[in-house]
Amino acid sequence: MAVLPASDLGRAQAFYKDKLGLEPDPEMSDTGGVVYSVGGHRFLLYETGFAGTAKNTALTLETANLDGTMTEMRGRGVSFEEYDMPGLKTENGVAGIGTERTAWFVDSESNIIAVSERS
């Protein structure tokens, strides 16, 4: 199970509900945080003072339709990052990496999250 830190768990839960349309998994309420299920996979969101310190992708979510997913997420207020560095350049928030197309956004706790589509 992936684990994401949050400096304010309530704020993070609001982000995941309002921006991503996710609800906590009620069967996993005794984990010391909040568990979400996405595409048959789970991740734990827990409160800590170290949230937002990682500068790498913390979680990748897979989608069958990246453009549609991005349009839906943008409609909920999610902004996608733009990168221009050796080996990675985004265009309208999307980078092609091998057989994948990937876009990144930052959650309310400064975690970097990717959304990826395999060709």
Side-chain angles (χ1 to χ4, degrees):
M1 178 184 315
V3 179
L4 292 178
S7 59
D8 182 324
L9 192 56
R11 177 181 61 209
Q13 285 183 268
F15 177 90
Y16 282 86
K17 180 179 181 179
D18 298 341
K19 304 293 184 184
L20 304 183
L22 298 178
E23 293 287 344
D25 184 336
E27 295 180 14
M28 300 289 289
S29 62
D30 62 347
T31 58
V34 181
V35 175
Y36 293 91
S37 295
V38 179
H41 301 281
R42 293 183 174 143
F43 69 91
L44 169 70
L45 191 61
Y46 76 102
E47 197 161 58
T48 176
F50 298 106
T53 58
K55 300 303 176 199
N56 58 287
T57 302
L59 177 69
T60 299
L61 304 171
E62 291 187 348
T63 181
N65 179 354
L66 183 60
D67 296 324
T69 298
M70 289 177 71
T71 296
E72 181 180 329
M73 291 174 71
R74 283 180 171 136
R76 292 175 176 243
V78 174
S79 298
F80 289 90
E81 301 294 299
E82 293 291 346
Y83 296 110
D84 188 0
M85 59 185 84
L88 181 74
K89 179 171 175 52
T90 56
E91 195 170 308
N92 195 26
V94 179
I97 305 170
T99 61
E100 296 183 17
R101 295 174 61 236
T102 303
W104 292 264
F105 65 94
V106 178
D107 73 3
S108 63
E109 308 309 296
S110 299
N111 295 306
I112 300 169
I113 301 177
V115 181
S116 187
E117 170 191 284
R118 295 179 191 208
S119 302

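In what follows, every heavy atom counts, from backbone to side chain, and hydrogens, waters and symmetry copies are set aside.
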Closest contact, heavy atoms only, Pro24 versus Pro26: O-CD, 3.2 Å
Begin with the C-alpha distance, continue with both residues' side-chain angles, and end with the deciding distance and a verdict on side-chain contact (heavy atoms from CB on, under 4.5 Å) for Phe80 and Met73. CA-CA 9 Å; Phe80 289 90; Met73 291 174 71; 3.9 Å; yes
Considering non-hydrogen atoms only, spot the tightest contact between Ser108 and Ala12 and give its length. OG-CA, 3.4 Å
I need the Glu82 CD to Trp104 CH2 distance, nearest 0.5 Å. 10.5 Å
Which pairs of donor and acceptor atoms, one on a side chain in residues 34-47, lie under 3.5 Å apart (sequence neighbours left out)?
| unit_1 | atom_1 | unit_2 | atom_2 | d |
| --- | --- | --- | --- | --- |
| Ser37 | OG | Asp25 | OD2 | 3.2 |
| Arg42 | NE | Asp25 | OD2 | 3.3 |
| Glu47 | OE2 | Leu9 | N | 2.9 |

Carefully, step by step, assess Met70 and Val94 under the rule side-chain contact (heavy atoms from CB on, under 4.5 Å). CA-CA 10 Å; Met70 289 177 71; Val94 179; 3.4 Å; yes
Return the CG to OG1 distance between Leu61 and Thr69, rounded to the nearest 0.5 Å. 9.5 Å
Identify all side-chain donor-acceptor contacts of residues 112-119 below 3.5 Å with residues at least two apart in sequence or on another chain.
| unit_1 | atom_1 | unit_2 | atom_2 | d |
| --- | --- | --- | --- | --- |
| Ser116 | OG | Glu100 | OE1 | 2.8 |
| Ser116 | OG | Thr102 | OG1 | 3.0 |
| Glu117 | OE1 | Leu66 | N | 2.7 |
| Arg118 | NE | Glu62 | OE2 | 3.2 |
| Arg118 | NH2 | Glu62 | OE2 | 2.9 |
| Ser119 | OG | Thr99 | O | 2.9 |

May I have the step-by-step check of side-chain contact (heavy atoms from CB on, under 4.5 Å) for Arg76 and Asp18, ending in yes or no? CA-CA 7 Å; Arg76 292 175 176 243; Asp18 298 341; over 6 Å; no
What distance separates Leu22 CG from Phe15 CZ, expressed to the nearest 0.5 Å? 9.5 Å
Straight-line distance of Arg101 CZ to Asn65 CG, nearest 0.5 Å: 8.5 Å
Pair Lys19 + Asp107: basic N to acidic O under 4.0 Å: no
Pro5 to Gly52 - nearest heavy-atom pair and separation: CG-N, 4.4 Å
Listed by chain and number, what are the side chain to side chain donor-acceptor pair (under 3.5 Å) partners of Thr60, not counting sequence neighbours? none
One should read off an interatomic distance between Ile97 CD1 and Thr90 OG1, to the nearest 0.5 angstrom, of 10.0 Å
